[in-house]
Amino acid sequence: QGLEWLTIPVITKGRFEQPIDEVEISEPWAEKHWRALELAYGRAPFFRDYRDMVRGWYERAGQERLLTKVNELFLRELAALLKLETRIVRDTDYPGPRRKTERLAAIARAAGADAYLSGPSARAYLEEDLFAQAGIAVDWMSYEGYGLYPQLHGGFEHAVTVLDVIFNAGPQAPALIRAPLLNQTPPC
């Protein structure tokens, strides 16, 4: 059926300016997401190999009340599975202003960064000059150039969940996601 967005419903009424780490989930969502993944990937070559583990993530995530806890759970589990050794810390570990870009730049500076990698959609609102004033270069993530692998449906689609490469490429997934970062040709 093509691409499908999976979103987690959150409480927004009267909370427009709330900090991201206080966003609460408004209703059950995990089982619906899991069913969508089963339908989309049930015939993927490595779905059975990872099914129980990923389903466990969804079961645990479905018990969380805060969106940030769900995000952290998935980030940590995916990083471990993909053998990513990037240190993961919470922004609340860093003091600083609450204003969006100003806070990002302050966190990057406090972490000793000289570069900040941002998703492409942030171009619409990220104030690059605040990073420049802090001596931090802003780089923009591109999701192109990742290694191609066989997908279940039609031509290759880059804009999918990381679970796509896990369920379709299995043990090759870590090498496929690292290839553009290391400027290498991934295994096929």
Side-chain angles (χ1 to χ4, degrees), residues 6 8 19-21 23 30 33-34 37 41 44-64 66-96 100-101 103-123 126 128 131 134-151 156-188:
L6 298 178
I8 298 175
I20 191 76
D21 62 341
V23 173
H33 282 212
W34 179 249
L37 290 170
Y41 294 105
F46 296 95
F47 181 77
R48 286 190 177 140
D49 296 340
Y50 296 96
R51 175 185 55 211
D52 293 341
M53 176 177 48
V54 176
R55 182 171 177 86
W57 301 347
Y58 274 88
E59 289 170 353
R60 289 184 5 240
Q63 301 302 311
E64 295 292 347
L66 296 175
L67 182 62
T68 192
K69 293 289 189 180
V70 171
N71 288 335
E72 183 176 3
L73 183 151
F74 281 113
L75 281 171
R76 290 187 184 281
E77 295 294 352
L78 286 164
L81 176 65
L82 295 168
K83 300 174 179 70
L84 303 176
E85 296 177 8
T86 302
R87 183 173 57 108
I88 299 173
V89 296
R90 297 189 54 93
D91 76 322
T92 54
D93 293 343
Y94 295 96
K100 295 173 180 135
T101 300
R103 177 143 181 82
L104 289 175
I107 290 169
R109 185 177 41 248
D114 58 7
Y116 177 80
L117 180 62
S118 181
S121 62
R123 283 187 190 271
L126 192 78
E128 289 186 66
F131 282 91
I136 300 167
V138 174
D139 294 317
W140 298 99
M141 183 67 188
S142 169
Y143 297 103
E144 300 298 319
Y146 282 96
L148 302 182
Y149 54 90
Q151 292 178 321
F156 190 82
E157 176 60 59
H158 283 278
V160 293
T161 173
V162 69
L163 293 173
D164 187 83
V165 69
I166 292 167
F167 292 148
N168 283 305
Q172 290 185 12
L176 286 163
I177 66 164
R178 279 191 181 91
L181 303 174
L182 302 173
N183 208 13
Q184 297 177 352
T185 303
C188 294

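Below, each value reflects all heavy atoms present in this structure, side chains not excepted, and no hydrogens, waters or symmetry copies.
Shown here for Gly119 and Met141, the closest heavy-atom pair between the two residues is CA-CB, 4.3 Å. Heavy atoms only, all atoms of each residue included: Ile88 and Arg76 are closest at O-NH2, 3.3 Å. Between Leu82 and Ala173, the closest heavy-atom pair is CD2-CB, 3.9 Å. Between Gly62 and Ala30, the shortest heavy-atom contact is CA-CB, 3.7 Å. Closest of all the heavy-atom pairs between Ser118 and Ala122 is OG-CB, 3.2 Å. Closest of all the heavy-atom pairs between Phe46 and Ile166 is CB-O, 3.7 Å.
Interatomic distance, CG of Leu78 versus CG of Leu73, reported as 9.0 Å (0.5 Å rounding). Taking CG from Asp21 and NZ from Lys69, the interatomic distance works out to 9.5 Å, rounded to the nearest 0.5 Å. Taken from CD1 in Ile8 to CG in Asn71, the straight-line distance is 6.5 Å, to the nearest 0.5 Å. Atom CD1 in Ile107 sits 9.5 Å away from atom CG in Asp93 (nearest 0.5 Å). Rounded to the nearest 0.5 Å, atoms OG1 (Thr161) and NE2 (His33) are 11.0 Å apart. Rounded to the nearest 0.5 angstrom, Tyr94 OH and Leu104 CG are separated by 12.5 Å.
By the 30° and 60° cut-offs, the orientation of the rings of Trp34 relative to Phe167 is perpendicular.
The number of heavy atoms from other shown groups lying within 6.0 Å of CG (Asp139) is above 12. Few gaps surround CZ on Arg55; more than 12 heavy atoms of other groups in view lie less than 6.0 Å from it.
Two residues are said to be in side-chain contact when any heavy atoms from C-beta on lie closer than 4.5 Å; Val160 and Val165 fail this criterion. Between Ile177 and Leu84 the shortest side-chain heavy-atom distance falls below 4.5 Å. Side chains of His158 and Leu148 form a contact here, defined as non-hydrogen atoms less than 4.5 Å apart. Looking at Glu77 and Phe74, their side chains never come closer than 4.5 Å, going by heavy atoms from C-beta outward. By the 4.5 Å heavy-atom criterion applied to side chains, Trp140 and Arg123 are counted as neighbours.
Side-chain atoms of Gln151 come within 3.5 Å of backbone N or O of Glu157 as a donor-acceptor pair.
Inspection of the Asp164 and Tyr41 side chains reveals an N or O donor paired with an N or O acceptor under 3.5 Å.
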Subject >> Working for side-chain contact (heavy atoms from CB on, under 4.5 Å), residues Leu163 and Tyr50 >> reply: CA-CA 10 Å; Leu163 293 173; Tyr50 296 96; over 6 Å; no

